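Chain letters run A, B, ... following the sequence lines, proteins first, then strands; residues in each count from 1. These numbers were taken from a predicted model, which means no experiment stands behind them.
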Protein chains: 2
Amino acid sequence: MIKRKQDKSKIPAVTINRLSIYFRCLNRLLETSEGRNLKTISSHKISQLTAINSTQVRKDLAYFGEFGKRGIGYPVNHLNEAIRKILGLDKKWNIIIAGAGNLGKALADYKGFKKKGFLIKGIFDNEPEKIGKNIGHILVYNIEDMQELIIKWNIQIGVIAVPADAAQNIANKMVAGGVQSILNFAPVSLVTFPGIRIKNVDLSIELEGLTYYLNT
Amino acid sequence: MIKRKQDKSKIPAVTINRLSIYFRCLNRLLETSEGRNLKTISSHKISQLTAINSTQVRKDLAYFGEFGKRGIGYPVNHLNEAIRKILGLDKKWNIIIAGAGNLGKALADYKGFKKKGFLIKGIFDNEPEKIGKNIGHILVYNIEDMQELIIKWNIQIGVIAVPADAAQNIANKMVAGGVQSILNFAPVSLVTFPGIRIKNVDLSIELEGLTYYLNT
DNA sequence: TAGATTGTTAATCGATTAACAATC
DNA sequence: TAGATTGTTAATCGATTAACAATC
């Protein structure tokens, strides 16, 4: 049973990230015949598959309810469904992508989105040659129309894949349109807005986190 | 003066990530005329520009030396160069990309790499139609030849942009070739190797970190 | 009953931040 | 000297992990 009225601010953000990892691990397991025959799974087995400490696994899951049985383990199917609901993946989410460059194209074509219930409703750019064309099955729209279409399409998540110097302006427009969350691929610290959640994916930071340790 | 023999394992990984942020912030500043005229910058100013607590800024920098002067601040140019050296960005790094799909293409075309001293020496794929073609100015090679070319080109960093089920195999081959660090875009927990550093960039985790909070 | 495993408490570990002496 | 600001210590905060009673 999922605990009701669980205060999200009390749950560490890293716990949510690990929940995604457990979810993927269970999904993979259920794709195998071995996994489908499994009734239950122990925190120790999840630990082996994810390289996350088993106490951590139990603690993370316990934030949301008592999913397991002592002496037995966690029922695989039920746990899988419970995590899906916790992460909100039982719902459909409407997304737009700003920027029809290489990255925007790669994201628009990314098969993982649809599978998880993310619907990319449109891509936006300011280059006239790109506007009106299709990327995969998604149409490229004029960035001028973004704010209006965010409202019309009831967009919850905006993905920023524009150059760094345009990112803040795009973010402002997304928020003005009513977007509640932003996934930002531009290498800038966006000025944030109260109540709007921003996640940054930053290639430079990741690469420099490698070169620092390579450097002797 | 940079402290010699600083034990890297004693410095939090998050500090290195923030160092990247400070570095970018200083770079941006030095691109403006206002910034170029600045002799020094205070931890408080850096804090304003990066939204990172000023005590945190001072503590992070103090791991590597005494860059500032009390009552004055940090000399902008010198600090910028010092961080560049700490992150190893004064050196050239040889990179290969495995996977010539949309993501691999986007990465190969990413301008930020060259600017920071990262040289993409080749892209690898197993599809015959792709092998021998150019992406940007980079040639696509047969994945069979990857291990050999890693040695020949003295590759330090391997980027994995192949589907999830192929990722572990590619990682094994990269490590066998002598790659020391891996940037993994495939949504799997790679089995790690002693002494090899792996950084994961995982779109699902980022998106689910948004839907969790959107979910009511 | 004996063995397995959860859920949770308490201990530990590590990172952030407040406070302040040093000093420009 | 007075004000500004660093570098660092000590306090705080928060996350991880060890330990174990509960229980299947």
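- Pairing partner, D:dA11: C:dT16, with both Watson-Crick or wobble hydrogen-bond distances short of 3.5 Å.
- Remark: the B:Y22 side chain and the B:D60 side chain contain an N/O donor-acceptor pair separated by less than 3.5 Å.
- One can place CD1 of B:I11 at 16 Å from C1' of C:dT16, the figure rounded to the nearest angstrom.
- Nucleic acid contact for B:S43: sugar-phosphate only, since backbone atoms but no base atoms lie under 4.0 Å from a heavy atom of the residue.
- Between A:L61 atom CG and C:dG7 atom P there is a gap of 8 Å when expressed in whole angstrom units.
- Residue B:R18 places at least one side-chain N or O under 4.0 Å from the OP1 or OP2 atom of C:dT16.
- Legend: salt bridge (Lys or Arg N to Asp or Glu O under 4.0 Å) pairs involving residues 198-216 of chain B, not counting sequence neighbours, sorted by first then second residue: A:R24-B:D202, A:K116-B:E208, A:K199-B:E206, A:E206-B:K199.
- Among the protein residues, B:S42 comes within range of the sugar-phosphate backbone only, with heavy atoms under 4.0 Å from sugar or phosphate atoms but none that close to a base.
- Atom-to-atom, CD1 of A:I72 to P of C:dG7 comes out at 12 Å; the value is rounded to the nearest Å.
- Aromatic ring pairs are classed by plane angle as parallel below 30°, tilted from 30° to 60° and perpendicular above 60°; the pair B:W153 and B:F124 is tilted.
- The distance between atom CG of B:D60 and atom P of D:dT6, rounded to the nearest whole Å, is 13 Å.
- Put simply, CD1 on A:I16 is 14 Å from C1' on D:dA15, counting in whole angstrom units.
- If you check the side chains of A:R197 and A:S181, you find no donor sitting under 3.5 Å from an acceptor.
- Between D:dC24 and A:Y74, no contact under 4.0 Å exists linking OP1 or OP2 to a side-chain N or O.
- Residue contacts shown for A:S54 are absent, as no nucleic acid heavy atom lies under 4.0 Å away.
- Between A:R58 and D:dT17 there is no side-chain N or O to OP1 or OP2 distance below 4.0 Å.
- Across all strands shown, the partner of D:dC24 is C:dG3, judged by Watson-Crick or G-U wobble contacts whose two distances both fall under 3.5 Å.
- Summarising the geometry, the separation between CD on B:E66 and C1' on D:dT5 is reported as 13 Å, rounded to the nearest angstrom.
- Between B:D90 and B:K85 there is no salt bridge, since no side-chain nitrogen of the basic residue lies less than 4.0 Å from a carboxylate oxygen of the acidic one.
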